[in-house]
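Only heavy atoms go into these numbers, but all of them, side chains included; no hydrogens, no water, no symmetry mates.
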Amino acid sequence: MKLLCTSLAALAIASAAPAAAQNAAPAAATADAAYPMTPQGAADWVAMVESEMGDFGVEYARVSWVNSTYITPDTDALAAKYGAQATEMSVRYANEAAKYAQVQGLDADVARKLDILRNGIVMPAPVRDGAATELNEIATSLNSQYGKGKGTLDGQEISGSDIEAEMGNLDRTPEEYAEMWTSWHDNVGAPMRDDYLRMTAIANEGAKELGFADLGAMWRSNYDMDPDQFAAETERMWQEVKPLYMALHTYVRSKLNEKYGDAVQPATGPIRADLLGNMWAQEWGNIYPLVAPAGAGDIGYDLTELIEQKGLDEIQMVRTGEQFFSSLGFAPLPGTFWERSQFVKPRDREVVCHASAWDVDNVDDLRIKMCIKKNADDFVTIHHELGHNYYQRAYNKQDYLYLNGANDGFHEAIGDMVALSITPEYLVQIDMLQPNQVPGTDKDIGLLLRQAMDKVAFLPFGLMVDRYRWGLFDGSIPAGELNKGWNDLRLEYQGIVPPVERDETKFDAGAKYHVPGNVPYTRYFLARILQFQSFKAACDQAGWDGPLHRCSFYGNEEVGKNLNAMLEMGASKPWPDALEAFTGERQMSGEAMVEYFAPLKAWLDEQNAGKTEGW
């Protein structure tokens with residue numbers, strides 16, 4: 001399988017190059033003799049590497065699947081062993097690729113694959129003895145620690161998946177939110193601090209051996225442009241959408257102040273992180289009832305209630321997601337998907353509940369791993385994860401190194417783009433909502449605000465997680481200010497603060513899966529931008545005539561045909577080529593998102609008149 005998305009992040013291995021088996025070492029050692037430094041030698045060497053990676057990747061994926069769905073000391077040990085092998089070979093191939101990249105007259109396809117090999121490692125180990133083993137033992141340990149993490153509620157232990165649900169329970173008190181937030185961050189994040197610093201120090205050393213300034217520069221080199229240029233591009237996109245976030249922050253803060261009073265949430269300044277319905281304050285949709293506009297706020301239905309009324313179980317929720325893709329002309333998921341996926345949390349063992357999509361054999365052994373709850377959030381998440389699976393299958397005819405998204409933001413955006421079509425009209429089409437329940441245009445502000453509470457609220461968090469790690473990697477955030485650096489950036493970008501004082505015995509960033517799991521996070525920011533850009537393109541292709549937020553392209557096979565043409569490209573072309581193939585544009589842009597939420601922005605500005613914006 002390809003090590004991408006959220007699926008194998010804990011293994012801290014290349015998203016594009018999971019590396020070869022142990023028996024590839026002799027081939028690598030004799031590369032100069034068997035594969036001379038010529039254009040043909042480079043092409044032959046790349047072909048050898050892809051073959052070795054493909055064979056090892058399947059075995060590695062199976063070990064990783066068992067470890068994620070059955071956490072024991074034995075599966076941890078196996079995962080760490082395979083992870084070390086993968087890291088060692090990934091680094092070896094990256095170093096060899098750097099040499100072959102200097103050969104004059106390379107075929108363009110070979111040159112692109114060499115770049116992927118060199119740039120695609122997420123957590124590279126240096127070549128010194130023992131480094132890869134140590135790196136992967138730490139990474140596997142952190143993954144397991146997170147999977148087994150617990151918090152408390154009213155003094156009673158509570159699991160990670162349950163605590164996420166309870167953070168969105170509006171019947172809880174501010175004291176209970178603070179207890180859950182603090183216990184989760186203390187129990188999960190703080191114990192990881194020293195191991196995380198050690199792990200990232202090893203990977204930073206590995207990145208420098210590969211010729212990068214630091215690990216952050218290496219991560220940013222994977223976007224078909226200069227690392228500094230990519231950082232500037234993400235900042236440009238943030239500035240396009242930042243006014244929308246600032247308006248939302250001001251409005252939500254005032255509503256929380258009305259609800260809880262000055263002692264809990266002041267009317268000015270930052271928002272208390274635990275009051276936003278989410279452990280990480282990354283999406284705020286769970287508190288929508290607290291901020292819903294009078295009159296327009298009740299949109300006439302609740303998706304969680306519709307799921308209950310329809311009697312959908314966890315499997316049927318996934319079947320509904322599959323039905324959307326089928327309506328676009330995509331073939332049904334294979335039978336093995338339904339046999340091998342993890343849909344619900346097993347009662348008899350520890351698992352990683354964090355949702356992920358897998359392609360174990362790089363052909364059609366597609367799976368999702370979730371602990372599905374019968375609610376609206378997981379209904380949307382299912383569409384998101386299936387987007388990964390359909391993308392994986394679409395490009396499965398590509399060469400091994402191209403079995404990936406055009407960039408990692410594309411992979412995250414596909415399912416989210418489909419989920420934007422979960423409109424009232426779509427719910428009528430799939431018989432979950434009666435026609436007379438479709439909210440009128442007078443409810444549009446409510447519909448848009450409900451979307452913005454997740455989509456817009458997420459934007460600064462999606463950007464700052466990697467900004468934080470880039471700072472750790474380049475030293476601008478000192479190791480002695482590991483926690484301060486995190487909370488400073490959360491204040492700067494999100495305008496939020498912890499509910500209690502935090503100090504340097506803590507590691508609050510570690511309480512977010514993707515940090516100890518070593519998943520580069522900018523992909524999720526890009527996905528928020530790309531999903532609206534792609535959604536607008538799909539609606540234009542479908543001939544939609546109406547407000548963008550009301551569009552659903554469910555059942556439009558022309559859109560499906562055009563989408564599949566882009567998905568089939570995988571990583572074989574630079575991402576601007578893939579973007580252009582579906583949208584006709586070559587630059588990622590927040591303009592479609594701004595258009596989608598324009599009516600809401602105008603309304604928020606009216607509500608915020610006379611209020612202090614910012615913090």
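- Residues that satisfy the side chain to side chain contact (heavy atoms under 4.5 Å, CB included) test with Asn95, not counting sequence neighbours, are Val91, Val127, Leu210.
- Taking Lys208 as the reference, nothing meets the salt bridge (Lys or Arg N to Asp or Glu O under 4.0 Å) condition, with sequence neighbours excluded.
- Judged as a side chain to side chain donor-acceptor pair (under 3.5 Å), and not counting sequence neighbours, Ser589 has no contacts.
- The side chain to side chain donor-acceptor pair (under 3.5 Å) test applied to Arg586 returns Asp577, Glu580, not counting sequence neighbours.
- Applying the side chain to side chain donor-acceptor pair (under 3.5 Å) test to residues at least two apart or on different chains, none of the pairs has a partner in residues 115-126.
- Every side chain to side chain donor-acceptor pair (under 3.5 Å) that Tyr596 has, sequence neighbours left out, goes to Gln451.
- Sorted pairs that involve residues 211-223 and meet salt bridge (charged side-chain N to carboxylate O under 4.0 Å, His left out), not counting sequence neighbours, are lacking altogether.
- With sequence neighbours left out, the salt bridge (Lys or Arg N to Asp or Glu O under 4.0 Å) criterion links Lys484 to Asp488.
- Sorted pairs that involve residues 116-143 and meet ring-ring contact (aromatic ring centres under 6.0 Å, His included), not counting sequence neighbours, are lacking altogether.
- In this structure Glu134 satisfies the salt bridge (Lys or Arg N to Asp or Glu O under 4.0 Å) test together with Arg198, sequence neighbours excluded.
- Asp416 pairs by the side chain to side chain donor-acceptor pair (under 3.5 Å) definition with His384, Gln531, not counting sequence neighbours.
- Taking Glu283 as the reference, Arg528 meet the salt bridge (Lys or Arg N to Asp or Glu O under 4.0 Å) condition, with sequence neighbours excluded.
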